K.L.:
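Right, I'll just put the structure down here and ask away after.
Quick caveat, the model's predicted, so the values are computed rather than measured.
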Amino acid sequence: MAYWVLRVLLTPVLRFFYRVRVEGLEHVARHGPAILASNHLSFCDSIFLPLVLRRRVTFVAKAEYFEDPKTAWFFRAVGQIPIKREGGSASERALASAREVLARGGLFGIYPEGTRSPDGRLHKGHTGVARLALQTGAPVLAVAMVGTREVQPIGRALPRPFMPVRVRFSRPMRFDHYGGRADDPLVLRQITDEIMFELRSLSGQEYVDRYAKRGEVVEEVGEARVGTLPVESPVGAPA
């Protein structure tokens with residue numbers, strides 16, 4: 001209930017203050033589960049993405065947001081799922097909750113980079129999104145947020161008004177041909193890299209073949225490479 005109340009209140013405000021353009025919205029089905037895998041440039045990504053959708057989307061959000069009184073009320077009100085970035089059982093519980101959202105036919109939003117980009121570039125994706133796709137069979141749509149870093153850079157408390165924002169959706173990506181290989185680390189990396197390649201194409205960002213870390217400017221830049229894995233024959237080499 002709180003989700004829709006906030007959405008009704010925020011939508012006209014954001015539409016007035018920002019020039020939001022959407023591309024590929026027709027790829028988001030009206031019904032059925034889907035994973036929305038987005039790049040992450042700004043805190044306001046989690047506000048603009050639900051704004052353009054007619055369906056409810058549930059995100060995982062870092063646990064710190066739920067511990068900070070300034071943001072906890074908002075994330076609890078819209079039913080977001082807390083996740084600890086250091087992993088472990090807390091992360092698994094969050095992904096179990098994500099599987100429940102998808103099992104009910106819902107939309108689940110996730111940031112494969114794991115945190116906001118510290119430098120505006122697209123960083124190497126974590127494989128949780130691939131594991132979730134294989135475990136649930138839900139299609140993955142890459143979602144590129146463009147312009148949100150300029151609206152609210154890291155460290156800026158208040159967003160800048162009257163800035164252009166674009167939200168671009170890819171066609172659904174399905175990975176049924178990897179069925180039964182949700183625990184294969186090479187398959188998980190292959191799928192994740194395919195998703196990140198799609199994000200790079202949609203967003204136009206430079207790709208950094210290294211995980212993003214808050215507060216760190218990454219200097220090591222490399223071309224992303226997607227390998228070719230056999231679909232039917234088992235992969236014997238460990239990741």
K.L.:
With side chains defined as the heavy atoms from C-beta onward, is the minimum distance between Leu14 and Val20 less than 4.5 Å?
P.N.:
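No, side chains not in contact.
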K.L.:
Restricting to non-hydrogen atoms, name the atom on Ser203 and the atom on Asn39 that form the minimum distance, rounded to 0.1 Å.
P.N.:
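Looking at all heavy atoms of both residues, the closest pair is CB-ND2, 3.9 Å.
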K.L.:
Without swapping roles, check the side chain of Arg160 against the backbone of Glu150 for a donor-acceptor pair under 3.5 Å.
P.N.:
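Answer holds: yes.
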K.L.:
Just so I know, are the side chains of Leu10 and Arg7 near enough to count as touching, which here means a heavy-atom distance under 4.5 Å?
P.N.:
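Side-chain contact under 4.5 Å: no.
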K.L.:
Check this for me: Arg171, atom CZ, are more than 12 non-hydrogen atoms of other residues, nucleotides or ligands nearer than 6.0 Å?
P.N.:
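For Arg171, atom CZ is not crowded (no more than 12 foreign heavy atoms under 6.0 Å).
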K.L.:
Which value, rounded to the nearest 0.5 Å, describes the distance between Asp119 atom CG and Arg149 atom CZ?
P.N.:
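Output value for this atom pair is 6.5 Å.
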K.L.:
Parallel, tilted or perpendicular: which fits the ring planes of Phe175 and His177, with parallel below 30° and perpendicular above 60°?
P.N.:
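The rings of Phe175 and His177 sit tilted, inter-plane angle from 30° to 60°.
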K.L.:
So does His40 get a backbone contact from the side chain of Glu113, meaning a donor-acceptor N/O pair under 3.5 Å?
P.N.:
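Judged by distance alone, yes, a pair lies under 3.5 Å.
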K.L.:
Report yes if some heavy atom in the side chain of Leu199 is under 4.5 Å from a heavy atom in the side chain of Tyr207; otherwise report no.
P.N.:
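No - every pair of side-chain heavy atoms lies 4.5 Å or more apart.
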K.L.:
Hey, what do you get for CZ (Arg189) to OG1 (Thr127), rounding to the nearest 0.5 Å?
P.N.:
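Between Arg189 CZ and Thr127 OG1, I get 6.0 Å after rounding to 0.5 Å.
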K.L.:
Given the side-chain rings of Phe162 and Tyr18, with only the six-membered ring counted for Trp, is the space between their centroids under 6.0 Å?
P.N.:
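Ring centres of Tyr18 and Phe162 not closer than 6.0 Å.
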K.L.:
Any link between Leu6 and Trp4 through a network of hydrophobic side chains (Ile, Leu, Val, Met, Phe, Trp, Tyr) touching at under 4.5 Å?
P.N.:
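Same cluster.
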K.L.:
Could you state the interatomic distance from CZ (Arg200) to CD (Glu206), rounded to the nearest 0.5 Å?
P.N.:
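Spacing of CZ (Arg200) from CD (Glu206) equals 9.5 Å.
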K.L.:
Taking the side chain as everything from C-beta on, heavy atoms only, tell me whether Leu132 gets closer than 4.5 Å to Leu102.
P.N.:
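With C-beta onward as the side chain, the pair touches.
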K.L.:
Can you measure from CG (Leu141) to CD1 (Ile195) and round to the nearest 0.5 angstrom?
P.N.:
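Between atom CG of Leu141 and atom CD1 of Ile195 there are 10.0 Å.
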K.L.:
Output yes when a side-chain donor or acceptor of Asp45 lies under 3.5 Å from a complementary backbone atom of Ser42, and no otherwise.
P.N.:
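It does hold such a pair.
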K.L.:
Compare all side-chain heavy atoms of Thr58 with those of Arg56 and state whether any distance is below 4.5 angstrom.
P.N.:
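Thr58 reaches Arg56 side chain to side chain.
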K.L.:
If you group Ile, Leu, Val, Met, Phe, Trp and Tyr by side-chain heavy-atom gaps below 4.5 Å, do Val165 and Phe16 land in one group?
P.N.:
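Yes; tracing contacts between hydrophobic side chains, which count when under 4.5 Å, links both residues.
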K.L.:
As an exercise, state the distance from OG of Ser170 to CD of Glu23, rounded to the nearest 0.5 Å.
P.N.:
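Ser170 OG to Glu23 CD: 12.5 Å, rounded to 0.5 Å.
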K.L.:
Quick check: closest heavy atoms across Pro118 and His123, and the distance to 0.1 Å?
P.N.:
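In this case the closest contact between Pro118 and His123 is CD-NE2, 3.7 Å.
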K.L.:
Is it possible for you to say whether Phe169 and Tyr111 belong to one hydrophobic cluster, with membership spreading through side-chain heavy-atom contacts below 4.5 Å?
P.N.:
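Phe169 and Tyr111: one cluster.
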K.L.:
Can you check whether Pro112 reaches Met196 side chain to side chain, under 4.5 Å on heavy atoms?
P.N.:
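Touching, per the 4.5 Å side-chain cut-off.
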K.L.:
In terms of hydrophobic clusters joined by side-chain contacts under 4.5 Å, are Leu202 and Val143 together?
P.N.:
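In one cluster: no.
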K.L.:
What are the two closest non-hydrogen atoms of His126 and Val129, and how far apart are they?
P.N.:
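Of all heavy-atom pairs spanning His126 and Val129, the closest is O-CG1, 3.7 Å.
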K.L.:
Does Arg131 come within less than 4.0 Å of Asp183, counting only side-chain N to carboxylate O?
P.N.:
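Judged by the 4.0 Å cut-off on N to carboxylate O distance, Arg131 and Asp183 do form a salt bridge.
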K.L.:
Could you tell me which non-hydrogen atom of Gln205 sits nearest to which non-hydrogen atom of Gly120, and how far apart they are?
P.N.:
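Smallest interatomic distance, heavy atoms only, reads NE2-O, 3.0 Å.
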K.L.:
Can you name the closest pair of heavy atoms from Ile154 and Ser117 and give their distance?
P.N.:
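That would be CD1-O, 3.5 Å.
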K.L.:
Check for a donor-acceptor pair, side chain of Arg116 on one end and backbone N or O of Ala212 on the other, with a separation under 3.5 Å.
P.N.:
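Checking the backbone N and O of Ala212 against the side chain of Arg116, no donor-acceptor pair under 3.5 Å is found.
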K.L.:
State plainly whether one hydrophobic cluster holds both Phe59 and Leu53, where clusters connect Ile, Leu, Val, Met, Phe, Trp and Tyr through side-chain heavy atoms under 4.5 angstrom apart.
P.N.:
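The answer is yes; both residues are in one hydrophobic cluster.
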K.L.:
Taking all non-hydrogen atoms of both residues into account, name the closest pair between Gln152 and Ala157 and its distance.
P.N.:
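Result for this residue pair: NE2-O, 3.1 Å.
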K.L.:
Is any side-chain heavy atom of Leu107 closer than 4.5 Å to a side-chain heavy atom of Val28?
P.N.:
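Leu107 vs Val28: side chains touch.
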K.L.:
I need the Arg99 CZ to Leu95 CG distance, nearest 0.5 Å.
P.N.:
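Taking CZ in Arg99 and CG in Leu95, the distance rounds to 6.5 Å.
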K.L.:
Is there side-chain contact between Leu41 and Val151, with at least one heavy-atom pair below 4.5 Å?
P.N.:
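Leu41 does not reach Val151 side chain to side chain.
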